[in-house]
Amino acid sequence: MAIQQQIQEAAIKSLEQLYGKTFTAKDFQINKTKPEFEGDYTVVLFSLLKPLSKSPDALGNELGKHMVESHPSLFTSYNIIKGFLNLTVADAFWMQVLTQNYNDVCFGKGALKHQKVMVEYSSPNTNKPLHLGHLRNNFLGWSTAAIINANGYETVKTCIVNDRGVHICKSMIAWQLFANGATPQSTNTKGDHFVGDYYVKFNDEYKAQVETLIGKGVDKATAEKEAPIMKATQQMLLDWEAGKPEVMELWKEMNSWVYAGFDTTYKRIGSDFDKIYYESNTYLLGKKTVQEGLSKNVFIQKEDGSVWIDLTADGLDEKIVQRKDGTSVYITQDIGLAQQKYDEYKIDESIYVVGDEQNYHMKVLQLICKKLGLPYADSIHHLSYGMVELPTGKMKSREGTVVDADDLLDEMERVAQQKTEELGKVKDFTAEELKELYKTIGLGALKFYLLRVDPKKKMIFNPEESIDFHGYTGPFIQYTHARIKSILRKEKVQAEKVHDTSLLKLEKELLIDLENFPSVIEQSGHEHNPSHLANYVYNVAKTFNSFYTEHSVMNAESEEKKQLRLLICELTANVIASGMRLLGIHVPERM
RNA sequence: GGUCCGGUAGCUCAGUUGGAUAGAGCAUCAGCCUUCUAAGCUGGUGGUCAUUGGUUCGAAUCCAAUCCGGAUCACCA
């Protein structure tokens, strides 16, 4: 059990024995003691004063005395400053944490929950390559799933590929018009970029056609509707839905190019899925639900045949769920897919990693499911994340200010190589080992940079800052790990030589941090927020570096101290590696 | 206009189930490598926690109003 919880329970027990009153964990707080005071953990007494009619000093003394006396192996002393009861935890406790967990690769993991959680993330469109925004989504989704898994839940990583619709047809039309039969192979272009280029070409041509029409005196709205390339696109969408063979063939071929490109990038960033849904297979789902909704009077049909739900009583609007021509809209598909996920996997919780621009949509989705009385409605959770912006403002694909994922990864690796060469610490590495290291560092820097920020906040991506490998960064943590490993290569731990011993300030500080690892994993999972873990691992690395500078391991004051510090090194490396793994970041043995 | 989210050091961010003198990194200044990897460590400078009012022993944190920025409110996805 976590020390903080143990202290809380000890306090509850003491309060009961002293005053005959029962308190719960919510009635008072246990905090880490601020560094400027003596002690490790602090009971905040203020909220207990009134119910017990005690002064801070009286309560502090009575409670402190009772807690220390009834747990002689856990607490060694206490002191009271104002309304704060500071407790010093026995070194023996920290030693126990150390010796029990130093070589346990499962340290931090939670007990099996026998529940299944699905995490949907990435969900790309097949008309353009991945960009920086997708990276935030992928890293968040992958890491959240890993963290939830570490908390003892079975996880299913999934993704819905938006492989149909008008945006896909735009790329297809442009390819027909301008490509002269070119392919990714013939032009030596990565498939997703190749298709994306035709999406851009479409927009250029469309814009030109609209302007020509406006020049001829057509009003803007009409011009946008009547531009030949747009009309052709709309016709193609109808042909696709009708299953016209040559359209289907082109669609399949162009999508296959995109998938080949995506596969390369996903492999590179370590994103993977247990199940992939394709919109072309799911876009008709949900129609049955619409009928059920109508018969339950949850939905209403208007005179023109369109179907709506009235959410005004919930502070939202009226929302259409089926067009007058009987075709389904986006949210209808989502209702259908939610049902399918539930049917196929019997999931207990369903997490959607979707940008905050769709907060309203997700709210509506869940509300509709609730009103339909669907059993999984309450298990839907939206992991909403903010947009990634550049120092110059928003990324806009039309203005060419989008940071391409592949380009960015190349750049990160290039900088990793340059910095590694400047430092010259791994000159004996083979070419292959070097390549692997550059990838590890470059990708680690990027992932950490994107994951260290609270998901729900929008973030600024500063290209220069992101490639800084000092301070609060992934490479800093990787470097700390490599440093520790360098020591551990020199000497093997002999745990039996370590006995109870008094701990120095930095030794204890590090152990207090390390003991907290399981709680941080739990909190990150519970809140669907990997940034807590990122912050935590950074702090562990930072504390270790202070310890490392202050105290020598190999030339320790005594053999016993040396062995103790080797154990601390082992546990620290273990926690850093495990924590980083849950963020999807590898840590090198040397760098 | 309605709804939702955000505003903390020059910059990027922690800290928000209310707790002690608000913390990191970057930048800047001053130190530390004949000793386990200096991608490191130690210290200095830097704050009206957007503003105003309220709640109370105590507010960056809760409530209200205001200002600023963003998202969203399509028979688009």
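Hydrogens, waters and symmetry mates are skipped; everything else that's a heavy atom, side chains included, is used. Lettering of chains follows the sequences in order, A, B, ..., and the numbering in each one begins at 1.
- Annotation: U61(B) and U17(B) have their P atoms spaced 12 Å apart (nearest Å).
- For C13(B), the OP1/OP2 oxygens have no side-chain nitrogen or oxygen of Lys457(A) closer than 4.0 Å.
- The separation of G10(B) from U52(B), taken at their C1' atoms, amounts to 27 Å, rounded to a whole angstrom.
- Other residues, nucleotides and ligands contribute at most 12 non-hydrogen atoms within 6.0 Å of the NE2 atom of His586(A).
- Distances shorter than 4.0 Å separate some side-chain N or O of Lys542(A) from OP1 or OP2 on G25(B).
- On the P atoms, C41(B) is 12 Å away from A24(B), given to the nearest whole Å.
- Arg323(A) has a side-chain polar atom (N or O) that falls below the 4.0 Å cut-off from OP1 or OP2 of A77(B).
- Distances shorter than 4.0 Å separate some side-chain N or O of His470(A) from OP1 or OP2 on G40(B).
- OP1 or OP2 of U42(B) sits under 4.0 Å from a side-chain N or O of Ser546(A).
- C33(B) adopts a syn glycosidic conformation, its chi angle falling within 90° of 0.
- If you measure from atom OH of Tyr548(A) to atom P of U35(B), you get 11 Å, rounded to the nearest angstrom.
- Not one side-chain nitrogen or oxygen of Lys458(A) sits closer than 4.0 Å to the OP1 or OP2 atom of U12(B).
- Between the C1' atoms of U45(B) and C11(B), the separation comes to 16 Å (whole Å).
- Across A59(B) and U21(B), the matching C1' atoms stand 16 Å from one another, rounded to whole Å.
- C11(B) and G25(B) make up a base pair, with Watson-Crick or G-U wobble contacts both under 3.5 Å.
- For the pairing with Arg565(A), the salt bridge (Lys or Arg N to Asp or Glu O under 4.0 Å) check across Glu557(A), Glu570(A), Glu559(A) returns one residue only, Glu557(A).
- One P atom belongs to G7(B), the other to C26(B), and the distance between them is 23 Å to the nearest Å.
- Among the heavy atoms of the strands, none lies under 4.0 Å from His481(A).
- The side chain of Lys34(A) contributes an N or O atom lying less than 4.0 Å from OP1 or OP2 of A20(B).
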**Request:** Start with the C-alpha distance between Asn255(A) and Thr126(A), add both sets of side-chain angles, then the distance that settles side chain to side chain donor-acceptor pair (under 3.5 Å), and finish with yes or no.
**Result:** CA-CA 6 Å; Asn255(A) 270 349; Thr126(A) 57; 3.0 Å; yes
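- The base of C4(B) has none of its N or O atoms less than 3.5 Å from a complementary donor or acceptor on the side chain of Asp356(A).
- In the interface, the side chain of Asn86(A) is paired with the base of A20(B) through a donor and an acceptor atom under 3.5 Å apart.
- Comparing the C1' positions of G58(B) and U16(B) gives an interatomic distance of 15 Å, to the nearest angstrom.
- Of the nucleotides present, G2(B) is the one that pairs with U72(B) by Watson-Crick or G-U wobble criteria, both distances under 3.5 Å.
- Dashed line: the shortest gap from a side-chain N or O of Arg452(A) to OP1 or OP2 of A24(B) is not under 4.0 Å.
- Separation of the P atoms belonging to C62(B) and G15(B) is 13 Å when rounded to the nearest angstrom.
- By the 4.0 Å N-to-carboxylate-O rule, Lys497(A) lies too far from Glu560(A) to be salt-bridged with it.
- Between U37(B) and Ser486(A), a contact under 4.0 Å exists linking OP1 or OP2 to a side-chain N or O.
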